[in-house]
There are 2 protein chains.
Amino acid sequence: MANWDDIRLFLELAREGSLSAAARRLKVDHSTVARRIATLERDLGLRLFDRLSRGYALTEEGDTLRTSAERMEQEAIALQRQASGRPALQGTVRINTTPMFASLFLTSRLVEFRRLHPDIRIALSGDQRLVNLNRREADIAIRLAKPSESGLIARRMGSVGFGLYASRRYLSTTRPRDYGFIGYDEALGHIAQQQWLEAQLRGRPIAFQCSDMTTMYHAACADMGVAVLPHFIGTTDPQLRRVAAETASADRDIWLMVHPDLRRAPRIRAVMDYLVALFERERNLLASGAAARPRRRALPS
Amino acid sequence: MANWDDIRLFLELAREGSLSAAARRLKVDHSTVARRIATLERDLGLRLFDRLSRGYALTEEGDTLRTSAERMEQEAIALQRQASGRPALQGTVRINTTPMFASLFLTSRLVEFRRLHPDIRIALSGDQRLVNLNRREADIAIRLAKPSESGLIARRMGSVGFGLYASRRYLSTTRPRDYGFIGYDEALGHIAQQQWLEAQLRGRPIAFQCSDMTTMYHAACADMGVAVLPHFIGTTDPQLRRVAAETASADRDIWLMVHPDLRRAPRIRAVMDYLVALFERERNLLASGAAARPRRRALPS
DNA sequence: CCATATCTGTGAATTTATGCGCAGGTTCTG
DNA sequence: CAGAACCTGCGCATAAATTCACAGATATGG
C-alpha cells in the first residue's frame with residue numbers, strides 16, 4: 001500500500017498546478033514535492049502529471065484519481081475535526097457583500113472553506129446595498145463602509161486600494177489625451193472612487209456608465225476605456241494594465257459585520273474565522289495588488 | 001494538516017492491538033510504529049491508545065477516530081484500484097465449504113477481503129456436502145477432497161493437519177485411560193479423521209457423536225471429551241490442549257474448485273486470488289498449527 | 001532586447017526517520 | 001517456579017528523506 005501522505009501532496013499539486021506553489025502551501029521544499037510525486041507515480045505505476053514548461057498538469061488518469069483523493073481528504077478533515085473535539089458544523093450562513101467582492105474575490109476563495117466545512121452551506125449575495133442584519137436578511141456582511149446600524153459588531157479587515165486600469169489593447173490603440181473613462185452612473189456620484197475618478201478626467205469624457213464594479217471590469221476588458229478598479233482585480237487579470245494617475249486614490253476600509261446574537265453561533269464563528277484569516281492572507285493583494293501568492297497561471301485543466 | 005501516512009499506521013495498530021503485530025503487517029520496525037503514533041497523538045493533541053502491558057488498546061477518543069480512518073482507507077483503496085485500471089468490482093460470490101472452514105477459519109479472515117472489495121458481496125455457505133458447481137449452486141468451493149465432478153478447475157491449496165484436542169479442564173480432571181472421545185456419527189464413518197480416531201480408541205468409548213466439526217469443537221470446549229480437530233483450531237483456542245496420539249494423523253489436502261466458465265469473471269478472480277494468497281499465508285497454521293501470525297490476544301475492544 | 005520574476009531540475013549538505021540490539025516486564029505453560 | 005514467548009521502551013549507527021544552493025528555461029514588463 002502506497003504512502004498515504006504522498007496522496008496529500010498529489011492533491012495539493014493537482015490544485016496548484018506547480019511544484020513551487022504546492023510546496024509553499026505544504027511548507028516543504030519544491031524538490032520534496034517533485035520526488036514524492038515521482039515515488040507515487042512509481043508506486044501506482046502510471047504518470048499522474050504532464051511536466052510542462054510552465055508547471056504540472058494532471059494527465060487524464062491523474063484526473064480520475066483526484067476525486068478519490070478529494071474524498072480521502074474529506075475523511076482526513078473529518079478525523080481531525082473529531083480529534084479536536086468540535087462537533088460537525090452545519091447549517092447555512094448567508095453572506096452579504098458588494099457584487100465586486102462576491103463575484104471576483106470571494107467566490108473562488110470560498111472553495112477551500114467548502115472543503116474544510118462541507119456541512120456548512122454558504123449563501124453569498126452580491127448586492128450594491130447593505131442588507132439589514134438586524135432583520136436577519138443576512139448573517140454576515142462585508143462592506144466598504146463602517147456600519148451605521150447600531151448594535152452590530154464591526155471589525156476592520158484591512159483595506160482595498162484602487163487604481164486606473166484599461167485593457168492592453170485599448171492602451172495600445174489610444175493616446176492618453178483621448179482616453180475615455182468608465183464610471184458609475186449619476187445616481188452613484190457620491191461614491192468615493194467616482195469622485196476621485198472625476199478629478200482625473202481633466203476634460204476627457206466618461207464614455208460608459210454603469211452601476212456596479214463588476215460591470216466596469218467587464219467593460220474595461222472589452223476595450224471600452226479606463227476604469228477605476230480595485231488593484232486585486234487589475235493586477236490579477238493579465239489583460240489589464242495600470243494607467244498612471246495624478247493623485248493616489250484613497251483606500252477604502254473593509255468591514256466585517258455580524259449581529260451580536262449570532263456571533264457565537266459555531267457555524268457563524270467558523271465562517272468569520274475563515275474570512276478573517278483570508279483577508280489577512282490577502283492583505284497585500286487587496287491593498288496594493290502585490291500578489292501574496294502568485295497569480296494563477298492558465299494551465300489546461 | 002497531520003501526516004496522512006500516520007493515520008494508516010494508526011488504523012493498523014488499532015486493528016492488531018500490538019506494536020509488534022502492526023509492525024509485521026506494515027513491514028516496518030515496531031519502534032517506527034511507536035514513534036509515528038506518538039507524533040500523530042501530538043499532532044492531534046490527544047491520546048489515541050492506552051499503553052497496556054499486553055499491547056495498545058484504543059482509547060474512547062481513538063475509537064471515534066477509527067471510523068473516519070476506515071473511510072479514508074476505503075478511498076485510498078478505491079484510488080489504487082482506479083490507478084491499476086481495474087473497474088470497481090461488484091456482484092455476489094457464493095462460496096461453499098465445510099462448516100468448519102466457514103465458521104472457524106474463513107469468516108474472520110474475509111473481513112479483510114470486504115475492506116479491499118467493498119462492492120463484492122460474499123455469500124458463505126458452510127455445508128457438510130459439496131454442492132454442485134455445474135448447476136451453479138455456488139461459484140467457488142473449498143473442500144477437503146479432490147472433486148469427482150468433471151469439468152471443474154481444481155487447485156490444491158495446501159493441507160490441513162489434525163490432532164487430538166480436549167479442554168484444559170477435562171484433561172486436568174480425567175486420567176488418560178478414562179478419556180471419552182468425540183466423533184462423527186455412524187453415517188459419517190467413512191471420513192478419514194473418523195477412521196484414524198477409531199484407531200486411537202484402544203477400547204475407550206466414544207462419548208459423544210455429532211455430524212460436523214464445529215459441533216465437535218464446541219463439545220470439546222464444553223469438557224465433553226477428546227476430539228479430532230484441525231490444528232488451526234486446537235492451537236488457536238487457549239482453552240484447548242493437545243493430547244498425544246499413537247500415530248500421526250493423516251493430513252488432508254485442501255482443494256479450491258471453480259467452474260471453468262466463471263474462472264475469468266473479474267469478481268470471481270478477485271475472490272480466488274485472495275483465497276489463494278490467504279491459504280498460502282496460513283499454510284503453516286493449517287498444516288501444523290504453528291501460527292504464522294501470533295494468536296489474537298483478547299484486548300478490551 | 002535586456003531585466004525580472006517564476007518556474008523546474010540536480011547534486012551536495014544536513015536533518016530526520018528507521019532499523020537493530022538489548023533490557024525489563026507480563027502472561028502463559030509445564 | 002523457571003523457561004518460553006510475547007510484549008514495550010530506549011540508545012545508537014545507519015539509511016533515507018528533506019532542505020539548500022545554484023543552473024537553466026520560459027514567460028512578462030519596460
Side-chain angles (χ1 to χ4, degrees), chain A residues 3 5-6 8-9 13 16-40 42-43 49-57 165 167-168 171-172 234-244 289-299, chain B residues 3 5-6 9 13 16-43 49-57 165 167-169 171-172 234-244 289-300:
Chain A
N3 185 332
D5 211 43
D6 291 345
R8 198 177 102 242
L9 302 219
L13 180 55
E16 293 295 325
S18 93
L19 285 186
S20 319
R24 263 192 300 279
R25 294 208 55 140
L26 293 165
K27 303 188 199 306
V28 295
D29 196 83
H30 67 88
S31 56
T32 299
V33 180
R35 214 170 2 74
R36 303 258 306 250
I37 293 299
T39 68
L40 181 62
R42 191 164 38 66
D43 287 349
F49 293 92
D50 285 322
R51 274 78 169 166
L52 307 177
S53 56
R54 15 178 37 193
Y56 276 50
Y165 289 90
S167 71
R168 295 170 180 284
L171 293 180
S172 63
T235 62
T236 302
D237 189 318
Q239 296 179 77
L240 297 180
R241 277 185 55 196
R242 188 157 182 189
V243 176
R293 67 170 147 182
R295 61 165 166 270
R296 270 202 153 19
R297 278 141 310 96
L299 277 177
Chain B
N3 185 333
D5 210 44
D6 291 345
L9 302 220
L13 179 54
E16 293 294 326
S18 92
L19 286 185
S20 318
R24 263 192 299 279
R25 294 208 56 139
L26 293 164
K27 303 189 199 306
V28 295
D29 195 82
H30 67 90
S31 55
T32 300
V33 180
R35 282 185 286 247
R36 305 255 308 251
I37 293 299
T39 68
L40 181 63
E41 288 185 330
R42 191 162 38 66
D43 287 349
F49 292 93
D50 285 322
R51 275 77 169 168
L52 308 178
S53 55
R54 16 177 36 190
Y56 274 49
Y165 289 89
S167 70
R168 297 172 179 286
R169 175 125 56 111
L171 294 180
S172 63
T235 62
T236 303
D237 189 319
Q239 295 180 76
L240 296 180
R241 276 185 54 197
R242 189 160 182 187
V243 176
R293 68 170 148 183
R295 61 165 166 268
R296 270 205 150 22
R297 277 141 312 95
L299 277 176

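Here is the naming used below: chain letters follow the sequence lines, and residue numbers restart at 1 for every chain. This structure is a prediction, so every number in the text was calculated from the model and none was measured.
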Practice problem: Answer yes or no: does a side-chain N or O of B/Arg54 lie under 4.0 Å from OP1 or OP2 of C/dC28? | Solution: yes

Practice problem: Verify the neighbour count for atom CZ of A/Arg168: are there more than 12 heavy atoms of other residues, nucleotides or ligands below 6.0 Å? | Solution: yes

Practice problem: Send over the distance from A/Lys27 NZ to D/dT19 P, rounded to a whole Å. | Solution: 12 Å

Exercise. Respond yes when some side-chain nitrogen or oxygen of A/Arg168 is under 4.0 Å from OP1 or OP2 of D/dT28, and no when none is.
Key: no

Self-check item: Protein-nucleotide distance (B/Leu52, atom CG; C/dT26, atom C1'), rounded to Å
Solution: 12 Å

Quiz prompt | Any B/Ser20 side-chain nitrogen or oxygen under 4.0 Å from OP1 or OP2 of D/dC6 | solution = no

Quiz item: Within the structure shown, what part of the strands sits under 4.0 Å from A/Arg242 by heavy-atom distance: base, sugar-phosphate, or nothing?
Solution: nothing

Practice problem: Could you tell me whether a side-chain N or O of A/Asp29 sits under 3.5 Å from a main-chain N or O of A/Ser31, the two making a donor and an acceptor? | Solution: yes

Quiz prompt | Contact state string [nucleotides 12-18 of chain C, B base, S sugar-phosphate only, - no protein heavy atom under 4.0 Å] | solution = ------B

Practice problem: Please state how far atom CZ in B/Arg241 lies from atom P in C/dT29, giving the value in whole angstrom units. | Solution: 8 Å

Practice problem: For B/Arg242, check side chain to side chain contact (heavy atoms under 4.5 Å, CB included) against everything at least two apart and list the hits. | Solution: B/Tyr165, B/His231

Quiz item: Think A/Arg51 has a side-chain N or O under 4.0 angstrom from the OP1 or OP2 of C/dC7?
Solution: no

Exercise. Give a yes-or-no answer on whether the side chains of A/Ser20 and A/Arg24 include a donor-acceptor pair shorter than 3.5 Å.
Key: no

Quiz prompt | Considering all heavy atoms, the nearest B/Val33-B/Leu13 contact | solution = CG1-CD2, 4.3 Å

Quiz item: Nearest heavy-atom pair of B/Ala21 and B/Glu16: which atoms, and what distance?
Solution: CB-OE1, 3.6 Å

Quiz item: Between atom NE2 in A/His30 and atom C1' in C/dT6, what is the gap in whole Å?
Solution: 11 Å

Self-check item: Length of the CG-P vector between A/Leu40 and D/dA17, whole Å
Solution: 14 Å

Quiz item: How long is the gap from CZ on B/Arg241 to CG on B/Leu171, to the nearest 0.5 Å?
Solution: 6.0 Å

Exercise. Could you check how far CD1 of B/Ile37 sits from P of D/dT8, rounded to whole Å?
Key: 12 Å

Quiz item: Nearest-Å distance, CG (B/Leu240) to C1' (C/dC28)?
Solution: 15 Å

